[in-house]
Each structure stands twice: as C-alpha cells, then as structure tokens.
2 protein chains.
Amino acid sequence: MKKQERQRYIKRLLSSNEIERQEDFVRLLRAEEIDVTQATISRDIKDMQLVKVPSATGGYHYSMPVQKQMDTEKKLKRTLKDAYVSYATQDKFVLIKVLPGNGPALASLIETMHYDNVFGTLGDDSTVLIICKSLDATLELQQMIQRLLSDN
Amino acid sequence: MKKQERQRYIKRLLSSNEIERQEDFVRLLRAEEIDVTQATISRDIKDMQLVKVPSATGGYHYSMPVQKQMDTEKKLKRTLKDAYVSYATQDKFVLIKVLPGNGPALASLIETMHYDNVFGTLGDDSTVLIICKSLDATLELQQMIQRLLSDN
DNA sequence: AGCTATTTTGCATAAATATGAAAGACTGGA
DNA sequence: TCCAGTCTTTCATATTTATGCAAAATAGCT
C-alpha cells in the first residue's frame with residue numbers, strides 16, 4: 001500500500017515543526033525517495049484531518065487533528081497514572097520507569113502526540129526513554145509529565 | 001475597541017459550523033453591521049490561532065485552537081466535577097443543576113467550547129440551560145457530560 | 001486641539017491550497 | 001490473461017489564504 005505508507009511518513013514528519021506549507025512535505029518526502037505532488041499532499045491532509053496552526057511565533061505549521069490529540073492525551077494521562085513508577089532526567093533525556101509491560105504503549109503514545117520538542121522515544125518493557133531537542137525542551141517535557149500525573 | 005469586538009463576534013460565529021472559508025466570516029459579519037475584508041479576517045485568524053479543520057464529512061471548517069480547547073475542556077471538567085448536582089433533558093434542552101454560584105461560570109465554559117451542536121447556553125446562579133440544535137445533538141451532549149463526569 | 005507614534009485596515013496581488021478531469025495503478029473475478 | 005470497477009495520482013487551474021505597502025484610524029502625549 002503506497003498511500004498508507006506515505007501517510008505514515010507524513011505523521012512522522014509532523015513532529016519536526018518546521019513544516020509550514022504543503023510544499024515542505026513534498027520536499028521532505030522526496031528526500032526519502034517518496035515522490036509526490038502538492039495536490040496529493042493536500043488530499044492526504046484532508047484525509048488525515050491535519051490542520052495548519054498559526055503558531056505563537058508568527059508562522060504557521062501543520063499539526064495533528066484536535067480530536068485525536070485530545071484522545072491521545074487522555075490515554076497518555078491514563079497510562080501514566082496507571083503505570084507510573086518514577087522518572088529522572090539527565091541532559092536532554094527523560095527516563096520514565098513504568099510497571100512491567102507498559103513501556104512500549106507509553107512510548108508509542110508519546111510518539112503519536114508529536115510533541116514539537118521531542119526528538120525521539122524508545123520504550124522497553126518497563127522503561128521509556130525520551131530524547132528531547134534541547135535542554136529547555138527537557139524541562140518543558142518534565143513539567144508536562146508532572147501536569148499529567150497531578151491534574152485530573 | 002474595534003478589533004477585539006470583531007474577534008469576539010468571530011468566536012461566537014465559530015460554533016455555527018457552516019464556516020468553511022474566510023469569506024463566510026466576512027459575509028456573516030457584514031450581516032451584523034461589521035464591515036471587513038477577507039484580509040482582515042486572515043489576520044484575525046492568525047491572531048486568534050484559529051484552524052481550518054478538515055471535517056469528517058468531506059468539507060472544512062474553522063475551529064478553536066487545540067491548546068485553548070484542551071485547556072477549556074479541563075476547566076469545564078473540573079467545574080462540572082466540583083459543582084455538579086444533577087441533570088435532566090427534555091426535547092432539545094439539557095438542564096444542569098449545580099451548586100449555587102457556579103451556573104454562570106459553567107455556562108460560559110460551555111459557550112467557549114463552541115460545541116457545534118449547541119445552539120445556546122444560559123446560566124443563572126445554580127442552573128445551566130443548554131439548548132441544542134437537534135435531538136441527536138442533545139443525546140451527544142448528554143454523553144459528553146457523562147464522560148466528563150466519569151472519566152479522570 | 002495638534003502632533004507623533006503605533007496599530008489596524010484595505011487594496012492589490014503573491015503565495016498557498018483545493019479540486020475537476022484525465023490518466024495510471026491496482027483488485028478481484030471470469 | 002484480460003477486463004471492469006475502484007482507487008490513487010498528476011496536471012492544470014480555480015479557489016482560498018496571506019501579506020507588502022500605503023492609507024486610515026486610534027492612542028498617547030503636551
């Protein structure tokens with residue numbers, strides 16, 4: 001399946017927040033050997049219900065649909081609350097310990113949130129490692145986890 | 001203040017989900033004696049960080065920013081959980097009883113969520129009346145309230 | 001009020017996005 | 001295999017959105 005694969009790529013590209021127009025997708029996909037035109041991207045965006053968000057800094061960037069984000073955050077929160085054991089940070093890393101079996105699920109949820117500041121995520125059975133893009137980002141992520149754990 | 005007032009109108013227009021393009025805003029605002037061009041709307045949308053969402057039914061419509069929606073839903077949930085007494089529905093109405101003093105706050109939160117299906121909201125000291133656009137909508141709203149009350 | 005700085009708007013148009021229609025790919029038969 | 005139906009893509013272009021710039025409005029002074 002060609003289309004689905006491309007759309008997976010598109011999702012992955014989302015977290016790198018420099019995507020300001022559809023042509024950016026075209027360019028980035030071409031770099032990955034996937035040759036498409038803007039027209040197709042436009043249709044993909046419609047399919048996937050992505051939105052072009054005016055960012056606080058003056059530009060625009062594409063992002064996950066509202067509903068999905070809300071749903072995912074909800075699951076994320078629940079998983080965190082259910083399985084959370086401890087966390088630690090060092091440098092640009094955040095390491096979350098969870099109850100055995102919950103690592104991959106949590107990592108995948110964090111992935112699909114497409115946080116702008118997250119470079120990558122890795123989960124084994126009971127540990128999730130999140131690699132941030134900057135030290136500031138690490139702090140922010142930490143606060144977000146705090147928030148998810150504490151609020152209801 | 002001209003701009004702010006217009007932006008308030010724009011927010012109010014959001015809940016009527018037939019707004020598919022910026023020109024629709026122009027048209028609807030003109031109907032309310034507010035004379036603007038599409039250029040201004042484009043800037044307002046950027047200011048307010050509204051997004052154009054591809055809807056499930058094939059079209060597009062403008063909507064509140066993700067973050068604000070999430071924040072508001074959070075407050076709404078908290079308020080509901082804190083102040084909820086009972087609710088009842090009849091026809092296209094949902095009537096929520098809350099602890100004294102919480103009616104207006106709750107009504108206003110529901111307003112700012114801009115639910116597509118809500119025609120209007122009215123809150124006195126301890127009661128909130130929500131008027132839906134259809135019977136189906138009433139059911140949906142009811143379920144949403146259930147969800148907010150039960151989940152965490 | 002009169003003047004200056006700042007903000008907001010419209011106009012014109014550039015830039016970006018969406019889409020009809022034709023062509024190409026893919027699917028599951030017969 | 002060949003075909004009909006379905007799905008997907010591109011091309012060309014219509015439609016929609018964003019923006020530079022000049023004019024107008026607004027706000028803050030004195």
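Chain letters run A, B, ... following the sequence lines, proteins first, then strands; residues in each count from 1.
The side chain of B/K2 contributes no N or O atom lying less than 4.0 Å from OP1 or OP2 of D/dT26. Put simply, B/K46 has a side-chain N or O that comes within less than 4.0 Å of OP1 or OP2 on D/dT19. OP1 or OP2 of D/dT10 lies within a sub-4.0 Å distance of a side-chain N or O belonging to A/T37. The shortest distance between the side-chain N/O atoms of B/R6 and the OP1/OP2 oxygens of C/dT9 is below 4.0 Å.
Atom CG in B/D24 sits roughly 13 Å away from atom C1' in D/dT15 (whole-Å rounding). One interatomic measurement links the two molecules: CZ of A/R21 to C1' of C/dA16, which rounds to 8 Å at whole-angstrom precision. Atom CG of B/D35 and atom C1' of D/dA25 are 15 Å apart (whole Å). Rounded to whole Å, atom P of D/dT17 lies 7 Å from atom CD1 of B/I45. For the pair A/Q4 CD and C/dC26 P, the interatomic distance rounds to 14 Å; values are reported in whole Å. Spacing between atom CG of A/D44 and atom C1' of D/dT10 amounts to 13 Å, rounded to whole angstrom units. When the C1' atom of D/dT9 is taken as reference, atom CD1 of A/I34 falls 14 Å away, rounded to whole Å. Remark: P of D/dT16 and CG of B/L50 are 18 Å apart, rounded to the nearest angstrom.
Side chains of A/T127 and A/K97: a donor-acceptor N/O pair is present below 3.5 angstrom, by distance only. A/Y87 and A/Q146 share a donor-acceptor pair across their side chains, judged by distance under 3.5 Å alone.
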**Request:** Carefully, step by step, assess B/F25 and B/Y62 under the rule ring pair (Phe, Tyr, Trp, His ring centres under 6.0 Å).
**Result:** CA-CA 10 Å; B/F25 280 115; B/Y62 279 93; 5.8 Å; yes
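Cation-pi geometry between B/K52 and B/Y60 is met: under 6.0 angstrom from the ring centre, within 45 degrees of the axis.
Nucleic acid contact for B/S42: base, since at least one base atom lies under 4.0 Å from a heavy atom of the residue. B/Y62 comes within contact range of the sugar-phosphate backbone alone, with a heavy-atom separation under 4.0 Å but no base atom that close.
The base of D/dT10 sits within donor-acceptor range of the side chain of A/R43, with an N or O pair under 3.5 Å. The base of C/dA16 does not come close enough to the side chain of A/Q38 for any donor and acceptor atom to sit less than 3.5 Å apart. Judged by distance alone, with hydrogens and angles left aside, A/E23 brings no side-chain donor or acceptor close enough to the base of C/dA16 to form a pair under 3.5 Å.
In the set C/dC11, C/dT19, D/dT17, the nucleotide with an atom closest to the side chain of A/A39 is C/dT19.
Under 4.0 Å is where a charged nitrogen must lie from a carboxylate oxygen, and between B/E23 and B/R30 no such pair does.
Nearer the 5' end of DNA chain C, as judged by each residue's closest nucleotide, is the contact made by B/T40, out of B/T40 and B/G58. Toward the 5′ end of DNA chain C lies the nearest nucleotide of B/V36, the other residue of the pair B/V36 and A/I41 mapping further downstream.
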